[in-house]
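For ligands, and for the atoms within them, numbers begin at 1 and follow the listed sequence.
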Amino acid sequence: MRFDVITLFPGQFRVLTAEEGVIARALARGLAELHLWNPRDFSHDRHQRVDDRPYGGGPGMILQVAPVRAAITAARAAAPASRVIYLSPQGRLLNHAAVAQLATASGWILLAGRYEGIDERLLLRDVDEEWSIGDYVLSGGELPAMVLIDAVIRLLPGALGHAESAQTDSHGDGLLECPHYSRPPEIDGQAVPAVLLSGDHQAIARWRLQQSLGRTWLKRPALLAQRELSATERSLLNEFIAAQST
Ligand SMILES: Nc1nonc1C(=O)NC1CCNCC1
């Protein structure tokens, strides 16, 4: 998986490479590549300008076509199979299904916006897809780009060690994660559910599935509504719901 990011702040992406975490390991192992392109390097303006005031007046500055288009063109030449994603609050809302789909591509060119936005002509000609990480406004598209990169890399085969698994992550199977506990078995009067100490792996798996179903019912009913339930899952959920009213 190759990521080419068009960004005025390439230094922000040190977060992905400097850490000891999953993403830095995946990049170090060549499971994914990260290439950064700064539009300022493609500006022919003597002050290396990349933004200007909006036509028609109004607040803020707009990223100009020429330097951004030149950076995208250079990235496309280096990654001809990659499509261009613009991170923006106007994009489709990123969710697990979308990330899983993005993870099937060979690579992506991510355009991280700044200021008030980008010149519309870039959206009309250079951008292939527009994605949002949520309905709020950030100061730049760099964090959304890193969120997308992180979420996609986690789903790449081999990215997560044996100790972790994307499948049991929340949303991995369309449900929220079950509760987790570790040592000690009791602290400050809080005990670990007995089933987890029982060694009965079938009972533990049943309890964990029931907790995932129940939590999703409680916290994200719309997510549960999108998921087909087997007869066993339906029975476990009904048992969980009945226990809520006792
Ligand atoms: N939410 C978002 N999901 O993707 N990008 C988002 C975002 O807020 N971008 C900023 C919008 C204002 N200009 C700077 C970039």
Practice task
Give a yes/no verdict on whether any heavy atom in G117 is under 4.0 Å from an atom of ligand 1.
Solution key: no
Handout entry: Contact with ligand 1 for G91, non-hydrogen, under 4.0 angstrom
Key = no
Practice task
Would you kindly specify which portion of P144 sits under 4.0 Å from ligand 1, judged on non-hydrogen atoms: side chain, backbone, both or neither?
Solution key: side chain
Exercise for the section: Indicate, as side chain, backbone, both or neither, the part of S139 found under 4.0 angstrom from ligand 1 when only non-hydrogen atoms are considered. Expected result: backbone
Practice task
Decide, yes or no, whether a salt bridge links R76 with D128 under the criterion of side-chain N to carboxylate O below 4.0 Å.
Solution key: yes
Handout entry: SB check E142 R114 (cutoff 4.0 Å)
Key =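 Result for this pair is yes, salt bridge flagged.
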Problem - N38/L8 under side chain to side chain contact (heavy atoms under 4.5 Å, CB included): CA gap, chis, key distance, verdict - result: CA-CA 5 Å; N38 189 336; L8 290 173; 3.5 Å; yes
Practice task
Assess whether atom CZ of R92 is packed by more than 12 heavy atoms of other residues, nucleotides or ligands within 6.0 Å.
Solution key: no
Completion exercise
Taking only non-hydrogen atoms of V137 and a 4.0 Å limit, the atoms of ligand 1 in range are 8 (O), 11 (C), 12 (C)
Practice task
Find the distance between CG (L209) and CD (E233) and round it off to the nearest 0.5 Å.
Solution key: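 The CD atom of E233 is 5.0 Å from CG of L209, to the nearest 0.5 Å.
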Exercise for the section: For residues R208 and V195, determine if any side-chain heavy atom of one lies less than 4.5 Å from a side-chain heavy atom of the other. Expected result: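 Contact flag for R208/V195 side chains = no.
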Could you identify the single nearest non-hydrogen protein atom to [atom] and state the distance to 0.1 Å?
atom	value
atom 3 (N) of ligand 1	I133 N, 3.0 Å
atom 1 (N) of ligand 1	Y136 O, 2.8 Å
atom 13 (N) of ligand 1	Y115 O, 2.8 Å

Problem - From A145, G60, G140, P89 - option closest to atom 11 (C) of ligand 1 by heavy atom - result: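 Shortest heavy-atom distance from atom 11 (C) of ligand 1: P89.
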Completion exercise
Note: I6 and A75 closest approach over all heavy atoms is CD1-CB, 4.0 Å
